[in-house]
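One structure is given below, encoded as structure tokens.
Scope of the values below: all heavy atoms of this structure, side chains included, with no hydrogens, waters or symmetry mates. This structure is a prediction, so every number in the text was calculated from the model and none was measured. Residue numbers run from 1 in the order of the sequence given.
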Amino acid sequence: MEKIRYLILVLFMAVCWKPAMGQRFSVSTNILDYLNFATLNAEASYAVSRHWSVSAAVRYNPWTFNSGIRGKQFQHRQQCYSAAGRYWIWHTYSGWWVSGKMQYQEYNTGGIIDLSTEEGDRFGAGVSAGYTYMLHPRLNIEFGLGLWGGVRKYRVYSCPFCGVTTASGTGGFILPDDIKISLAYVF
């Protein structure tokens, strides 16, 4: 009987201790990415200290859209992977933050403004900043904005479906990134 009481006490303390340890993990999704041609996305984060967290993110968009006009299609297809470190001014998962990251993206974009299509690979680094507002002890909303730049290897086609190459090469780029309004669950 004593062992059962001891086991119940240990289980009770384990359940009570976890909230006292703080919130260490977070998963989030960027709502604005869904408005970007239905790009699926997720980010997982781990707080390594009171002011620092590390994260890994993925974005995926396999969709091609047809406008109804023969030969007119548009897409912003991509698969993108990133690893980041984030510094929190106040404490992790609340308040202002700045971030640095490394990112790889395979992309195919075209038919949006004109018929030309570009596809290729991008490798680079980025910086971003933002604010996280606690809606509930387990639910946050994040606002952020950033830039990333690096090297791209690309090929440009005259239209999304014909395959006529008009340009190709390797060059640098700087693009906006981490334009986010994200919902994050913290546990």
Side-chain angles (χ1 to χ4, degrees), residues 25-46 53-86 97-133 139-185:
F25 297 96
S26 166
V27 291
S28 64
T29 188
N30 185 358
I31 298 164
L32 293 182
D33 267 351
Y34 293 106
L35 299 176
N36 181 14
F37 299 102
T39 301
L40 307 171
N41 67 89
E43 180 175 334
S45 177
Y46 176 71
S53 65
V54 292
S55 64
V58 62
R59 286 186 285 200
Y60 180 66
N61 186 332
W63 321 117
T64 297
F65 300 95
N66 293 314
S67 67
I69 300 170
R70 186 176 188 279
K72 177 79 170 125
Q73 70 182 34
F74 55 94
Q75 69 266 350
H76 187 63
R77 294 184 296 199
Q78 65 176 306
Q79 57 180 342
C80 181
Y81 308 98
S82 65
R86 190 180 281 187
W97 51 267
V98 292
S99 176
K101 70 175 178 179
M102 299 298 291
Q103 184 166 282
Y104 164 76
Q105 180 183 49
E106 180 183 8
Y107 67 97
N108 182 325
T109 302
I112 300 167
I113 296 172
D114 61 8
L115 284 179
S116 67
T117 300
E118 181 178 325
E119 73 177 13
D121 298 301
R122 295 180 181 131
F123 305 90
V127 294
S128 60
Y131 185 80
T132 299
Y133 182 75
L139 186 64
N140 293 347
I141 188 165
E142 294 182 349
F143 303 94
L145 184 62
L147 290 172
W148 81 296
V151 177
R152 70 181 174 146
K153 185 175 180 183
Y154 66 95
R155 187 169 292 192
V156 179
Y157 301 100
S158 61
C159 63
F161 53 86
C162 65
V164 177
T165 303
T166 59
S168 65
T170 302
F173 71 92
I174 296 177
L175 293 171
D177 194 38
D178 285 340
I179 302 168
K180 64 169 56 184
I181 299 176
S182 295
L183 286 177
Y185 181 77

Closest heavy-atom pair and its distance - Pro62, Arg77: O-CD, 3.6 Å

Other residues, nucleotides, ligands: >12 heavy atoms within 6.0 Å of Leu35 CG: yes

pair Thr117-Asn108: side-chain heavy atoms closer than 4.5 Å: yes

Just jot down the side-chain contact (heavy atoms from CB on, under 4.5 Å) partners of [X], sequence neighbours excluded, or say none.
X: Ile112; result: Phe37, Phe74, Thr109
X: Tyr46; result: Arg24, Phe25, Val48, Val54
X: Asn66; result: Gln73

Kindly write out the residues that satisfy side chain to side chain donor-acceptor pair (under 3.5 Å) with [X], not counting sequence neighbours, or none if the list is empty.
X: Ser82; value: none
X: Gln78; value: Gln105
X: Tyr81; value: Gln79
X: Asn140; value: none

Test item: Asp33 side-chain N/O and Asn41 main-chain N/O as donor-acceptor pair under 3.5 Å: no

Side-chain donor or acceptor of Asn30 paired with backbone N/O of Ile179 under 3.5 Å: yes

Selection residues 159-175 - residue pairs positive for salt bridge (charged side-chain N to carboxylate O under 4.0 Å, His left out), sequence neighbours left out: none

Sequence neighbours excluded, every pair satisfying side chain to side chain donor-acceptor pair (under 3.5 Å) that has a member inside residues 53-62: Thr39-Asn61, Glu43-Ser55, Ser53-Trp88, Arg59-Asp177

Pairs involving residues 156-174, ordered by first then second residue, that meet side chain to side chain donor-acceptor pair (under 3.5 Å) (sequence neighbours left out): Glu119-Tyr157

Those residues that, when tested against Tyr133, pass ring-ring contact (aromatic ring centres under 6.0 Å, His included) (two or more places apart): none

Ile181 CD1 to Ile141 CD1 distance, which is reported to the nearest 0.5 Å: 6.5 Å

Identify all side-chain donor-acceptor contacts of residues 142-156 below 3.5 Å with residues at least two apart in sequence or on another chain.
| residue | atom | partner | partner atom | Å |
| --- | --- | --- | --- | --- |
| Glu142 | OE2 | Arg86 | NH1 | 3.2 |
| Arg152 | NH1 | Glu118 | OE1 | 3.4 |
| Arg152 | NH1 | Glu118 | OE2 | 2.6 |

